[in-house]
Amino acid sequence: MLRYIQNIICKRKPPLDGTHPNRQPDPVFYRRKHLLAIEGLTPPEIGHLLELADSYVLLNRSGKTQRDLLRGRTLINLFFEDSTRTRTSFELAGKRLGADVINMSVSTSSVNKGETLLDTAATLNAMQCDLLVVRHDQSGAPHLLARKVDAAVINAGDGTHEHPTQALLDALTIKRRKGRIEGLTVAICGDVLHSRVARSNIHLLTTMGSQVRVVGPPTLMPSGINDLGVRVFHDMKEGLKGADIVMMLRLQKERMTRSLVPSAREYFRFWGLDAEKLAHARDDALVMHPGPMNRGVEIDSAVADDPVRSVIKEQVEMGVAVRMAVLDTLSRGTGRNDV
Ligand code: NCD
C-alpha cells in the first residue's frame with residue numbers, strides 16, 4: 001500500500017504555495033492551513049465556504065468537473081474509524097477536482113502493526129501528501145497530526161469533539177432550502193452527549209445567528225452544554241415547538257460505557273421523531289439526520305422518507321459540494337500553520 005502511494009507521489013510534486021496563477025491564497029481563508037473545527041471560524045469564513053460550495057452544487061449537477069484545480073495534488077483519506085458516506089464523499093470531491101486520492105484505513109495501515117499516530121504522521125510527511133483527511137475515535141487526534149505533518153489536515157470527525165464538514169453541509173442544505181441561516185430556530189435532538197455533529201452544528205449555527213435548542217434526556221446532555229449558547233429541553237414536544245429545522249442525531253451506542261438509555265423501544269417512545277412529535281414544529285419544518293440512521297430508534301421511517309419534510313438525501317449531495325469547497329480553499333493555503 002505504502003509503495004503504491006509513494007509511486008503516485010513521486011510522479012508529480014506540485015507546489016502548495018499559491019504560485020499557480022489560478023491558485024492564489026483565498027482572500028477570506030488565507031490565514032488557515034487546516035480545517036480542524038468549526039469553533040473559531042468567523043461568519044465571513046463560514047459564509048465564504050458555503051458560497052463556494054453552492055457553486056459546486058451547480059457544477060456537479062451540470063455534470064461538469066474541475067479536474068485541473070487539484071491536478072497533481074495528493075489527498076489521503078486516513079480513517080481510523082468506520083465510515084462509508086464521509087470517506088466516499090471526500091473521495092468523490094477530491095476526484096471531481098482532479099486530485100490523486102488514496103484511501104487508508106486502519107486495517108491496511110501499519111497502525112495495526114503497532115505504529116503510533118505520530119509515526120504514521122512522519123511516514124505520511126515523508127511522502128509529502130498535500131491534503132490529509134483524518135477520522136479518529138480520539139478527540140484531538142487531527143490537531144496532533146496537524147502539528148506534525150506539512151499537509152493541510154481536514155478533520156473528518158474526531159471522537160465526540162467536532163465534525164466540521166458535516167456542519168457545513170448541514171448549513172448548506174438549510175441555506176438552500178430556507179434562503180438563510182440567521183434567525184431560524186433549530187432543534188438538535190437525541191444523543192447530544194456523544195455527538196461531534198451536534199457540537200460542530202452548535203458552533204456553526206450560533207455563529208451564523210440561528211437560535212439553537214438541544215433536546216434529549218438529561219443522561220445524554222454533556223455537562224457545560226449551557227455555556228454553548230443553546231436552550232436545553234428535556235421534552236420533545238416542548239423542544240420542537242415552532243422549530244424551523246429538526247435535526248435528529250444517531251444514538252451512539254458504541255460510545256456508551258454504561259447504560260444511559262432504557263430500551264430502544266422506550267427511547268423511540270420519548271425521543272424518536274414520528275409524525276405526532278413533528279407536528280409541534282412549524283408546518284414547513286425540515287427534518288435532517290447526518291446518517292447512518294437507526295430507523296425506529298431515533299427516527300420513524302415514514303418521517304425519514306417523507307419527500308416533502310425530509311432533506312436527508314439532500315444532505316448527502318451537499319456533502320460532496322462542501323468537501324470540494326474545503327479542498328479547493330485549503331489547497332490554496334499559504335503554508336502558515338496558525339489555526
Ligand atoms: C456522523 C459521524 O460519524 O460522526 N456520521 C457521518 O459522518 N456520516 C454521525 C454518526 O455517526 O452518528
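In listed order, ligands and their atoms are each counted from 1. Any value given below was found using the heavy atoms of this structure, including those in side chains, with hydrogens, waters and symmetry copies removed.
Salt bridge Lys178/Asp284: present, at least one basic N to carboxylate O contact under 4.0 Å. In summary, Lys313 and Glu317 do not engage in a salt bridge, as defined by a charged side-chain N under 4.0 Å from a carboxylate O. We find that Arg177 and Glu314 are joined by a salt bridge, their nearest charged nitrogen and carboxylate oxygen being less than 4.0 Å apart. A salt bridge links Arg32 and Glu45; the closest N-O separation between the charged side-chain nitrogens and carboxylate oxygens is under 4.0 Å.
For ligand 1 and Thr86, the ligand atoms under 4.0 Å from any heavy atom of the residue are 6 (C), 7 (O), 8 (N). For ligand 1, the atoms lying closer than 4.0 Å to a non-hydrogen atom of Arg85 are 8 (N). When each atom of ligand 1 is checked for a heavy atom of Pro290 under 4.0 Å away, the hits are 8 (N). Atom numbering of ligand 1 starts at 1 in the shown order; those under 4.0 Å from a heavy atom of His163 are 2 (C), 4 (O), 6 (C), 7 (O). Those atoms of ligand 1 that come under 4.0 Å of a heavy atom in Val197, given as number and element, are 1 (C), 4 (O), 9 (C).
Using 4.0 Å as the threshold, Glu81 has no heavy atom nearer than that to any atom of ligand 1. Proximity of Gly291 to ligand 1 is established by a heavy-atom distance of less than 4.0 Å.
Arg250 places a side-chain heavy atom less than 4.5 Å from the side chain of Glu298. At least one side-chain heavy atom of Glu162 sits less than 4.5 Å from a side-chain heavy atom of Ile38.
Protein heavy atom nearest atom 4 (O) of ligand 1, with residue, atom name and distance: Arg196 NE, 2.7 Å. Protein heavy atom closest to atom 10 (C) of ligand 1, with residue, atom name and distance, is Arg250 NE, 3.4 Å.
Taking the six-membered ring where the residue is Trp, the centroids of His143 and His161 are separated by under 6.0 Å.
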